[in-house]
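Everything on this sheet refers to the single structure shown next.
Within every chain, numbering begins at 1; the chains are lettered A, B, ... in the order of the sequence lines, protein sequences first and strands thereafter. Atom set for the values below is all heavy atoms of this structure, side chains included, hydrogens, waters and symmetry mates excluded.
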Amino acid sequence: MSDALLPLRRMMLIRAFEDALAARKDHGFQLLSTGEEAVAVGLSLVLEDGDQLLTGGRSIGPALARGVDPGKLMAELLGRVAGVNRGRAGRGHLSDQESGFFGAHAVVGGNISIAAGVALERKLGGGNGIVAILFGDGASGAGGLYETLNIATLWHLPLLFVCNNNQLSVSTPREASNAAKELRDIGRAFAIPTALVDGLDVWAMAKVAGELVEHVRSGKGPAFLECSSLRLRSHSTTARETRSRDELAQLHKLCPIKLESARLLTEDQITNAGLEEMRADAARQIEDVMAFADASPYPEPEEVLAHVE
Amino acid sequence: MSDALLPLRRMMLIRAFEDALAARKDHGFQLLSTGEEAVAVGLSLVLEDGDQLLTGGRSIGPALARGVDPGKLMAELLGRVAGVNRGRAGRGHLSDQESGFFGAHAVVGGNISIAAGVALERKLGGGNGIVAILFGDGASGAGGLYETLNIATLWHLPLLFVCNNNQLSVSTPREASNAAKELRDIGRAFAIPTALVDGLDVWAMAKVAGELVEHVRSGKGPAFLECSSLRLRSHSTTARETRSRDELAQLHKLCPIKLESARLLTEDQITNAGLEEMRADAARQIEDVMAFADASPYPEPEEVLAHVE
Amino acid sequence: MSNDQFLTTRMFFREAVGRAVREEMEADDRVLVLGQDVGAFGGSYREFDGLFKIFGPERMRDTPVAEAAAVGIAAGAAAAGLRPLCVITYMDFLMIGFDALINYAAKLRYKSGGRLSAPLVVKTTAGAQGQGVAHSQCIEAWLISVPGLKVVAPSTPEDAYGLMKSALRSDGPVVYIDHKRLFPAPGNVPVAETVIPFGKAAIRRRGVDLTIVAHSYMVRVALETAGLLEAEDLSCEVVDLRSLAPMDVNTLCRSVERTGRLLTLEEGQVTCGIGTEVATRIFERIGVRPWIRVGALPAPVSSNPVLEAACVPNADRVAQAARTLAAR
Amino acid sequence: MSNDQFLTTRMFFREAVGRAVREEMEADDRVLVLGQDVGAFGGSYREFDGLFKIFGPERMRDTPVAEAAAVGIAAGAAAAGLRPLCVITYMDFLMIGFDALINYAAKLRYKSGGRLSAPLVVKTTAGAQGQGVAHSQCIEAWLISVPGLKVVAPSTPEDAYGLMKSALRSDGPVVYIDHKRLFPAPGNVPVAETVIPFGKAAIRRRGVDLTIVAHSYMVRVALETAGLLEAEDLSCEVVDLRSLAPMDVNTLCRSVERTGRLLTLEEGQVTCGIGTEVATRIFERIGVRPWIRVGALPAPVSSNPVLEAACVPNADRVAQAARTLAAR
Ligand SMILES: Cc1ncc(C[n+]2csc(CCOP(=O)(O)OP(=O)(O)O)c2C)c(N)n1
Ligand SMILES: Cc1ncc(C[n+]2csc(CCOP(=O)(O)OP(=O)(O)O)c2C)c(N)n1
Ligand SMILES: [Mg+2]
Ligand SMILES: [Mg+2]
């Protein structure tokens, strides 16, 4: 597979994975990342094996982008014992540190200080691994972000703050979540490098994230990346949509997968048939994923007391 | 009394009050504001009757500056029933809303959101009263400051954030408390007016605070004032001093009362005798204050269950 | 007086909450609501549907995700004279607002010597419904140990309505607790305006062999259990606490005196739990009776459907405990 | 083995804490301390005196005033492989760090299916010593109800030493609770390195008429009470819980079986308190015995010397309760 097609392929896998999951009746409810695939994939392109990514509850795309096994991830989300956490974490809390995905934590803002702790271990351990923490525009209201930014800066922690500004926190638009003109102004207050990037453009994401990753990896302390993206579905699979059909239709035109497909077509890097084949590949892969997950049972009720202490 | 002497007189009263309190064996322990009198007095010069001031635990100077009755304040600090809160609040929690001192709250950062709530009431009530919240450089590490700044800005609350940067949080120097170059950069992140003022100069304090107060009072939302001051005593009357005698001696030269006295002398607004008389006045007043407080008894143990619900 | 006072109307639990808030907002313009998604969205559980249209964004205030500041602002506004209803979507996140609620609001009247108080209501939801380890907890037992704090937890639309109204009139602070599973429950609510005073338990079912004391969603589990056991000729009385602090020890004592046995049931942990306190207060008054406590198993509540169901009490587990108790 | 194992040396409580931390830091370079004023200042109670010189600012890390982030960073560092000791000066402010401690750290092993854990120790201080409503609380009862969390509270220098060492070796999370009044207390501590395992209570005084169960500073009040009552020919056994979670129910049961009466004593609220849980666990095992619970009065703890003294238990109040209990 050519490098030029890799990001699109990864984004398509996330989309197919989440669509298949959403179609299941037995998924409980899920927080999907449709419209935000370029953020997860672009960022992951510049993270390395020894790095760790942490996220809020919207974790599926980022986990896949980091390389968590899709079958084990699906099993996790469907509550099966073959899941990365034996089906007990679910979307809000899954982790697979061996894949460089240290974990989701569904408390908005709550994972940011945790990520700084992981970064502290990286720093004291002496390797050159770094940590990235992905949080939303909504999380920019939470005090934990600021406390952690401050400490991470004072301590020169190898931590990249990545704000996935998908313009919404449940029903609350970005403007009502935070008074800062740009969310990266939060980083500016602590005098660290910041950038604002088009989070719908997977290559721009990789480029700008790469620059900040380099800063962080060089030991100069944290940096703050604001990614402007879109949430193209409702907050969760059971939440009410707050935007009109028309508005959503307009927004869908900016889908990062569409944009990247169009770019590749225009630049003659792929044909329509090639795109179709890629989509079919992803669909086939997800069929296997589903088969794997479905082959795995739910845990026994007796497991309820396992791993408490 | 001439207006020109008023600030000095008020600062001297605070100093005399706190010195007398510190000399008592039965005061438990206290957080004194020696070196920070100009912040409290300068700010209070530009607050009005319908305004409210809230503070952290270092509350005595600010309460006096706002006009809380010194006798009732001393009684409070010595645990007597004639205290503004029947002697049960103490330095960390005293309040006297009728004097425009809505209260101290000894949880660092904890009073900031409370102040925003008071400001919300002011705003919805429709008057033109405003609220000022005084907090330390140490409190700039606390998430509650940022959460509140953000909401206060979004909601255009009539709230003045006053950071009394006395350079220390217990043993932690300003530089280790916050990574921001200037603490007012925190306000800048939310795109509100900010200022940095020499908090050892009572007239500068009044002037710059006055400008921001005007902004806030005009309904345009919050503003952020950083005051550079000095803590000339140890953190509390029972805490270890972390600076050397020499260093402290140097710092004492910057005492705001000394500076203001020198200025008035230089400008021939007062004589040495006049200064002496002012000091004697303050001392006499504090004698009365002590007599008042001492005449009041401790509460009866039975009061322990009063005012719980 | 008209017959209206005996008329009832059918509504969902979430509607009963909304009605109470609407009426109190109409009657007292110091009442306002603040929290995440309480405005145009109508509340996470649609419990405020329609209120934004009536009261607008000044009184139905969306907040950013900032629980600590939200509770603090509500507490400060209450101290200054408003009567805010602060909505914390999940009780797990009330912890984030504990400083303002517990260290400030609950102690304000005390520390000010009665000169200030914080008539603030925090409305939150407890309990498990597939949302996992950080969205399922029941920590009301912690709250009832805080002097100065009142705590209520309705199990029916009628009580949701009446207790919310009392809460908004109380000189608080009050924590009012919904349960996620109750919002869609229908029930009869009086047509006439009524309030339900704090400190009054309700006997939901009469029985003679043992008393089950529960609150919130677990009252339904208790009633289901009582239904099951009827077939076995075991007659359970079911008492709904409704108000946890203050607690109606009188009603509890009378019931246990009649039945002679106590089963306490809660969805939270039994360790230092509500049930243990209920039993202690009853036995302090009337002497000891056979007692079993039932609650969640000592584990976090997973979003996994099997593990969640295994963790929190259900009618089968309660029935099992009741049979053991009856045999004593 | 040498005789060293029986030798003891006299030191203050605060020194015993510091010694434990020093030894564990020397033995395991994953151990580090973070919190306010733990560095050059040596800790708010001088409990870390000298450690900064030895270990420097990387391992004795001063944090800004940011309890939420401090606990979160410690939890994350623990999950990633370090063994942080996070210092929260007052237990009241531990609430601010509850989200990281309770919603993340305590549930991490569970939610990750055993793949991650957070061997984190939070060290904090509880209790009243003139610091008022927001610096005096004892909320350990809340903590012992959290599955996955261990809680210990020493009353002697020896236990402070041994329990802190166990805490730092535990796969936690652990909350280790000091009491402000204990730091200056002297006591004998073994010269040889020793640990005190969790889950073991200690009988501090033998008695035959009733058992007083207490922890932390209240053990001293219990001993004082026992001294007072000796003159009245009332013989009290005093059991020091030391470890609240896990709890040594065996030792408790044996003591109460011997004496036949139980007085539980704590400085916090009795409602949903430690004492109530102690009694419940004992009586579940050995059947009911006469029991009285003593704790703070249901009010905030003021910094006012008269009101503070009136609120928290003292030997007179405990003795009064013991006499009532003995008469049953
Ligand atoms: C502390 C906390 N408060 C509230 C919630 C409920 N909640 C879950 S997701 C969410 C929206 C967060 O918005 P954002 O950070 O922008 O992330 P996004 O959902 O857009 O990915 C909210 C409010 C929560 N999980 N945690
Ligand atoms: C949440 C919280 N953490 C810790 C403390 C202990 N403490 C009391 S005062 C203080 C220093 C605060 O520094 P700063 O905000 O600069 O105020 P200053 O003492 O200089 O007036 C600290 C850490 C507290 N009261 N509250
Ligand atoms: Mg968002
Ligand atoms: Mg300071």
Side-chain angles (χ1 to χ4, degrees), chain C residues 67-68 92-99 101-104 106-111 132-135 137 139-148 245 247 268-277 279-281 283-284 287-293 295-303 307 311, chain D residues 67-68 92-99 101-104 106-111 132-135 137 139-148 245 247 268-277 279-281 283-284 287-293 295-303 307 311:
Chain C
E67 282 80 4
D92 313 67
F93 308 144
L94 185 53
M95 296 180 204
I96 303 172
F98 267 11
D99 181 56
L101 179 68
I102 292 172
N103 292 332
Y104 183 82
K107 299 177 172 60
L108 184 59
R109 192 181 286 104
Y110 191 86
K111 77 181 195 175
V133 296
H135 292 64
Q137 290 163 92
I139 54 174
E140 53 269 30
W142 304 358
L143 300 176
I144 75 166
S145 77
V146 178
M247 192 182 278
Q269 293 294 315
V270 295
T271 293
C272 298
I274 300 289
T276 308
E277 187 61 27
T280 302
R281 295 209 188 164
F283 301 159
E284 269 172 2
V288 175
R289 301 288 191 285
W291 162 48
I292 285 184
R293 56 181 182 176
L297 298 188
V301 181
S302 171
S303 57
L307 300 181
C311 192
Chain D
E67 282 81 3
D92 314 67
F93 308 143
L94 184 53
M95 295 181 205
I96 301 172
F98 266 11
D99 182 56
L101 178 67
I102 292 172
N103 292 331
Y104 183 81
K107 298 176 173 62
L108 184 59
R109 191 180 288 102
Y110 191 87
K111 77 182 195 175
V133 296
H135 292 64
Q137 291 163 91
I139 54 173
E140 54 269 29
W142 305 357
L143 300 177
I144 74 166
S145 78
V146 177
M247 191 182 279
Q269 293 294 316
V270 295
T271 292
C272 298
I274 299 289
T276 308
E277 187 62 27
T280 301
R281 294 207 189 165
F283 301 157
E284 270 172 1
V288 174
R289 300 288 190 285
W291 162 48
I292 286 184
R293 57 180 181 176
L297 299 187
V301 180
S302 171
S303 56
L307 300 181
C311 192

Would you check if D:Thr271 and C:Arg281 make a side-chain contact, meaning some heavy-atom pair closer than 4.5 Å? yes
So for C:Leu307, is it side chain, backbone, both, or neither that comes closer than 4.5 Å to the heavy atoms of chain D? side chain
Distance (rounded to the nearest 0.5 Å) between C:Glu67 CD and D:Asp99 CG: 9.0 Å
Interface moiety of C:Ile144 toward chain D, non-hydrogen atoms closer than 4.5 Å: both
For C:Val133, which atoms come within 4.5 Å of any heavy atom of chain D: side chain, backbone, both, or neither? both
Can you name the ring-ring contact (aromatic ring centres under 6.0 Å, His included) partners of C:Phe98, sequence neighbours left out? D:Trp142
Interface residue of largest heavy-atom contact number with chain C, from D:Phe283, D:Trp291, D:Tyr104, under 4.5 Å: D:Trp291
I'd like to check the salt bridge (charged side-chain N to carboxylate O under 4.0 Å, His left out) partners of C:Arg293; sequence neighbours left out, ordered by chain and number. D:Glu277, D:Glu284
Heavy atoms of C:Gln269 and D:Ser145 approach each other most closely as CG-O, 3.1 Å
Residue C:Val146 versus chain D: region with a heavy atom under 4.5 Å: side chain
Smallest heavy-atom separation, C:Asp92 atom then D:Asn103 atom, equals O-ND2, 3.5 Å
Can you tell me how far apart OG (D:Ser303) and NZ (C:Lys111) are? Round to the nearest 0.5 Å. 10.5 Å
If we only count heavy atoms from C-beta on, is the D:Gln137 to C:Ile102 side-chain gap below 4.5 Å? yes
Scanning both residues in full, the closest heavy-atom pair of D:Cys272 with C:Gly273 reads SG-O, 3.5 Å
